[in-house]
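Letters A, B, ... are given to chains in the order of the sequence lines, protein chains preceding strands, and every chain is numbered from 1. Fair warning: this is a prediction, and the values are worked out from it, not measured in the lab.
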Amino acid sequence: MTAAIEINAVEKRFGNVGIIHDLNLSIAQGERHAIIGPNGAGKSTTFNLVSGHIAPTSGEIRLNGNVISGLRPFEINRHGLSRSFQVTNVFARMTVWENIRCAVLWATGHHYAFWKNVDNLPVVRRRTAEILEDIHLTHRRDVPAGLLTYAEQRELEIGITIAGGASVIMLDEPTAGMSRAETERAVALIRRLTEGRTLVIVEHDMGVVFGLADRISVLVYGRIIASGTPEEIRSDPKVREAYLGEEAY
Amino acid sequence: MIDAATSVPKVVVTARAQRLRFYGVWVIAAVALIVLPFIFSSGGSLTSFSLIGISIIFALSYNILLGQTGLLSFGHAVHYGFGGFLAIHVMNAVTAHEWSIPLPFIPLFGGIGGLLLALVIGWVMTKRAGTVFAMISLGIGELVASSSLILRSVFGGESGITTDRTALPHMLGWSFGPQIQIYYLIAFWLMISAIAMYALTRTPLGRICNAVRDNPERVEFIGYDPHVVRYIAYGFAGFFAGIAGGLSAINFEIANSAYLGAAQSGIVLFATFIGGTAYFFGPILGAILVTYLQLGLTDVTTVWQLYFGIIFIGIVMFAPGGIAGLLMMHRPLVRSGTLGMVIPSYLVALVPTLALACGVILAIESVARYAQGEGSGSNIDLLGVPFNAASPLTWFAAAILIIGGFFVARISWRRIAQAWDRAATVARDRGYLA
Amino acid sequence: MLEFVPRNNAIPDTSECIVLELIVISTINGVLFGMLLFLLSSGLTVIFSMMGVLNFAHASFYMLGAFFGFQLTRWIGFWPALVLAPLLVGAIGMAVERYGLRSIHKHGHVAELLLTFGLAFAIEEIVSMIWGKSPMDYRVPALLDFPAFTVFSTNYPAYKIFMLAVSGAIFVALLITLKRTRVGLIVQAALTHPNMVAHLGHNVGRVFMLVFGVGAALAGVAGVIAGPALVTQSDMATLLGPILFVVIVFGGLGSLSGAFIASLFIGLVQTFAVALNGSLAGAFGPLDPSFGPSIITDIWNVTISQIAPILPYVLLVLILIVRPMGLMGSRET
């Protein structure tokens, strides 16, 4: 079966500065894959490379077998990949309901239609209501997104990401800044919403990572130094060295 | 149990009441448009209403760009102008070739003119957004306006192109010579344009335009190309601006390069922004106010454009939501019944603020008349009190009003802010404010 | 646009001499106009890069410089005016930043642009209210009113050499300030990382006020010295403003070197276009009269000097199609 995401020999340089060096990664369909690593390792850059925000200097990225490196973000999104953002990126002046509805419109085939009344589309309405239920924000549907609490905005962020029905979901530090209780809620939400889909998640909270992921990759200075199951990663000496430094004898 | 039973019917009633209120507003507007000339029947009023009607369509078209899609354009008048010129040429062609196109269809050709230009230049223009788009719109606006002076055969050079609107085939027995018939023509096109533009905001495209305005980066990640969205919005804005231009050409029976110029672009920007870009009715208010001021102030003072500039700067700095924004800000207070808590502070602030405004007006008018060399002979009529422009007494009064007025007004504004705080707190407690 | 006007009626020797004379004079004039544009666009670029504000009123500061220069020259002479007028304009600039832009900043870039737009509008109205709408009789100071040298048969005025010298000196001073002084270092840093500079403890507010004031003063200087050579009139800002924007979009937003190249390029292009008086009709003869009045005859008969005013905008469209981020642009708005 074709891998959901394939990153082959990808390099990224900004001017003379190399951020990503010879990145190779394969993520299977339906897998929950976490990318961890110290700050500045290039996790966000990797996300931006896959989602099309920036193009690789060399190398190739495939989504479900199709080459997506060099495509515009909206083209990649239409191929079935959706991502969330580390800094909350919702439509602040629109209500929660409208935020989700906008995310649903393209996938339900309405594209740039200017001849239909958006309030009269039953499929759109049903899908939006379902997703609002899933992220537990139905009671806040008429609140402008900019006025939600931080945790609610993060949940809305996740909702917008999955609303389009993409098969590959990428979440960039979804639980950043959340309390213990909020994090647990978010993790349960993520687990439920990504059933049957491929999930790639960047996280710093190890509890979330080890509880959620099927496989983990460790990114250090733009290179993947280890990739495997949570047990393998936990016991890998290279990983320990990267996070804790070399043992002093 | 009882709560659930009684809350459901309330929801149903509210929805139906909302729909009734919504359609009611449009019906009332239509009735008002029809009835207006019977209340104010002077020739001057009819001309004013006609101009205001055209202005409203133009401002609403501009808000498709600014308020809906977040595109600030300094060159929107080129679509207005192209619409006007196409309309003029079609009218002349209809008369020359004796086609059977009556006058009421001509604004449609205006719209087509505006749309064609928008389709041609829009793709390149909408490649960038934000301040870059604004600068590009200025440059391309100037390009089109200057080119029109070179291409004399199409744009008539400096004197423009004229037409005779009564020479077209009549419709329903109307020749469209009298101003009242032109008023109803404009009112008709105003209704259908406004309805169309409002409907546009309720379509998928309209919603995505709002999303592009709020967060163009995110829009890409929900599957949309922001460039295409902006391009389509630009096309619509050009179309309706062209309708306004066509109506203008019919009204004045002339189209010239001023239609396309930076001054016309500036006025529509003023009107839309002063009215308020966040609400559909904002540009309507702004267009009415600006056109009214334009017509009324030109007789009273030579520097009316300066007052425009000052009002605009004031709105940008203190009320960026425009008049509509200011009004809607009070909605939660009205709903929660706390409006009465702020009204007294408004009334108290009125006096010093008015004094300050009078002082500023006196100062400006004195300088204006002094610079024009007519100081000693002219009087400034302010609120019925004649002030001699050259007398030191006037300057003294202006200084007192400005300085004194400012200090007292500042105190009263602070008290307004405090009253607002109290009213907002109560409204929040009652659940009417988020 | 600086025109090539022969000072005497001597008949030139050969046609090559005419062409060479044309080229030399136009090049000098073009460079002069370009330097003027750069004086303006450099201030605009620095303000935009540092503060994210596109100062629509920048050309208005230029106009204020010209009018203050004119009025002060009337009262106290040209040379004191040369020093005083830019200081006044700079002070106005600082006040605009302190009392206007600073409180608008939180509403975003569009609001800032609209504020400067309203300001430009108001300044133009105030200027035409005080001084009227006709051109001012702003004369070249007697000290500089002589021909500097002769190119073939044309005398080149000393005042223009003075203008070149002043703009060149300011340019060099700017370069030294930016590259070699502490303030310049801070400004350079704030050009790309304003937030970081604030974190480092510098009073960014004061730096902004200073930068805005200096930018305005630069525009004012350009106005004071350009006033006698170009027309000093209340529509100066509306004529020059859009060209200024073309320059910085063409050169690439946020790039000083791009602004420099674009200023010189557009200055030269426009000066040469005004000097050349050709048209398709002139080159190929009149069109067949059966074409009648139409777009084709309009384009056929238009002279290059007639389209000179719109050439910058044509360049704008071209750069947007070919290279939308400008010649040396890197910053995404």
Given that the side chain runs from C-beta out, which part of [X] has a heavy atom under 4.5 Å from chain C: side chain, backbone, both or neither?
X        : value
B:Leu72  : side chain
B:Leu269 : side chain
B:Phe133 : neither
B:Ile136 : both

For C:Phe245 together with C:His58, are the ring centres under 6.0 Å from each other?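 They do not qualify: ring centres at least 6.0 Å apart.
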Interchain contact, [X] with chain B, by part (heavy-atom threshold 4.5 Å):
X        : answer
C:Ile248 : side chain
C:Phe250 : neither
C:Leu311 : neither

Max heavy-atom pair count under 4.5 Å with chain B, selected residue of [options]:
options                               : value
C:Ile104, C:Leu54, C:Leu113, C:Leu114 : C:Leu114
C:Pro312, C:Pro242, C:Gly132          : C:Pro242
C:Leu316, C:Leu320, C:Val249          : C:Leu320
C:Met129, C:Glu124, C:Glu112          : C:Met129

- Message: Quick check on ring-ring contact (aromatic ring centres under 6.0 Å, His included): which of B:Phe74, B:Phe270, B:Phe312, B:Phe308 does C:Phe121 satisfy it with?
- Response: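 With C:Phe121 as partner, B:Phe74, B:Phe270, B:Phe312, B:Phe308 yield a single ring-ring contact (aromatic ring centres under 6.0 Å, His included), made by B:Phe270.
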What distance do [X] atom [atom1] and [Y] atom [atom2] have between them, rounded to the nearest 0.5 Å?
X        : Y        : atom1 : atom2 : answer
B:Leu65  : B:Ser137 : CG    : OG    : 9.5 Å
B:Leu356 : B:Phe407 : CG    : CZ    : 11.0 Å
B:Tyr307 : B:Thr301 : OH    : OG1   : 4.5 Å

Tell me whether B:Asn210 contacts the main-chain N or O of B:Gln68 through its side chain, where contact means a donor paired with an acceptor under 3.5 Å.
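A pair under 3.5 Å: yes.
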Identify which of B:Ile121, B:Val316, B:Val303, B:Leu143 forms the greatest number of heavy-atom pairs closer than 4.5 Å to chain C.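 The option with the most such pairs is B:Leu143.
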Mutual orientation of the aromatic rings belonging to C:Trp131 and C:Phe67 [parallel < 30°, tilted 30-60°, perpendicular > 60°]
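The rings of C:Trp131 and C:Phe67 sit tilted, inter-plane angle from 30° to 60°.
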| message | Measuring only between side-chain heavy atoms, which start at C-beta, is C:Val110 closer than 4.5 Å to B:Thr131? | response |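 The answer is no; the side chains never approach within 4.5 Å.
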